[in-house]
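Data block below; observations after.
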Amino acid sequence: MNLYQIDSAIAECVDAESGEVLDFDKLAELSMERDRKIENIALWIKNDLSEAKAIREEEKSLAARRQSLEREAESKRRYLESVLNGEKFSTAKCSVSFRNTTSVEIDDMAAAVAWMVANDHVDEVSCPASTVSKTDLARLMKSGAQIDGARLVQGRSMGVK
């Protein structure tokens, strides 16, 4: 029996009009079963919360391991990049290639924002802390615009497969 059925059966043990108990033994048995069911549900909740806590702790441990491995991989990536110095490398098990990249470095955000505003690119300026989208700056600078406080930087990106 579930709690709803037990509560209904308890209600049947009591006269609705007078409130008089019709069957004391059945009422006592149903009350004990109801208490046992409630206790089991409460213990189930405690078990679920305990398991969730253990999973949360394991997630933290796994996140720390993941971050450590990512740092190690990045360190090895920088080392390999310095060793290869832009030279492609390939074997049956791996391939290392390089591609040229272009990124924007902003030396003077205020000057870059002032240029964007003065040249009718207000939509690309975000507020409250005035900043400029590097993607928008890159597009403008690649089309030939000289923007104060920003410059295009040529780089290299290594891919390992």
**OP:** Please answer: with hydrophobic residues joined when any side-chain heavy atoms are less than 4.5 Å apart, are I38 and M32 in the same cluster?
**Re:** no
Original post:
CG of L43 to CG of D48: how many Å apart, nearest 0.5 Å?
Top reply: 11.0 Å
Subject >> Point-to-point distance, once rounded to the nearest 0.5 Å, from CG of N119 to CD1 of I147 >> reply: 8.0 Å
Original post:
Between E70 and R66, is the closest basic N to carboxylate O distance under 4.0 Å?
Top reply: yes
Subject >> Taking every non-hydrogen atom, the tightest pair across E87 and F98 >> reply: O-CE1, 3.3 Å
Original post:
Do K37 and I6 have side chains that get closer than 4.5 Å, going by heavy atoms?
Top reply: yes
Original post:
Would a 4.5 Å heavy-atom cut-off, applied to side chains only, mark L30 and R34 as touching?
Top reply: no
Original post:
For the side chain of S8 and the backbone of Y4, is there at least one donor-acceptor N/O pair under 3.5 Å apart?
Top reply: yes
Subject >> E59 and I55, any side-chain heavy atoms less than 4.5 Å apart >> reply: yes
**OP:** Kindly say whether A54 contributes a backbone atom to a donor-acceptor pair with the side chain of E57 at under 3.5 angstrom?
**Re:** no
Original post:
What's the spacing between D7 CG and M1 CE if we round to 0.5 Å?
Top reply: 10.5 Å
Subject >> CG/D120: more than 12 non-hydrogen atoms of other groups inside 6.0 Å >> reply: no
**OP:** Could you tell me whether E51 atom CD has more than 12 heavy atoms of other residues or ligands within 6.0 Å of it?
**Re:** no
Original post:
How close do M141 and R151 get, heavy atom to heavy atom, and via which atoms?
Top reply: CE-CA, 3.3 Å
Original post:
Going from CG on L84 to OH on Y79, what distance comes out if it is rounded to the nearest 0.5 angstrom?
Top reply: 10.0 Å
**OP:** Could you pull out the closest heavy-atom pair between N85 and R156, with the gap in Å?
**Re:** OD1-NH2, 3.5 Å
Subject >> Pairing of R78 and E74 as salt bridge, 4.0 angstrom limit >> reply: yes
Original post:
So how far is it from N47 CG to N40 CG, rounded to the nearest 0.5 Å?
Top reply: 11.5 Å
Original post:
Looking at side-chain heavy atoms only, is the closest gap between M116 and L140 below 4.5 Å?
Top reply: yes
Original post:
Does any non-hydrogen side-chain atom of L152 lie less than 4.5 Å from one of V104?
Top reply: yes
Original post:
Side chains of D25 and D23: closer than 4.5 Å at any heavy-atom pair?
Top reply: yes
Original post:
Does the side chain of W115 reach to within under 4.5 Å of the side chain of Q146, using non-hydrogen atoms?
Top reply: no
Original post:
According to a 4.5 Å side-chain heavy-atom criterion applied to Ile, Leu, Val, Met, Phe, Trp and Tyr, with indirect links allowed, do L3 and I45 form part of one hydrophobic cluster?
Top reply: yes
**OP:** With the side chain counted from C-beta on, respond yes when L27 and I10 share a heavy-atom pair under 4.5 Å apart, and no when they do not.
**Re:** yes
Subject >> Non-hydrogen atoms of S97 and K88 that approach each other most closely >> reply: CA-CG, 4.4 Å
**OP:** Apply the test side chain to side chain contact (heavy atoms under 4.5 Å, CB included) to residues T102 and K142: give CA-CA distance (whole Å), side-chain angles for both, the deciding distance (0.1 Å), then the verdict.
**Re:** CA-CA 10 Å; T102 303; K142 286 178 182 176; 3.9 Å; yes
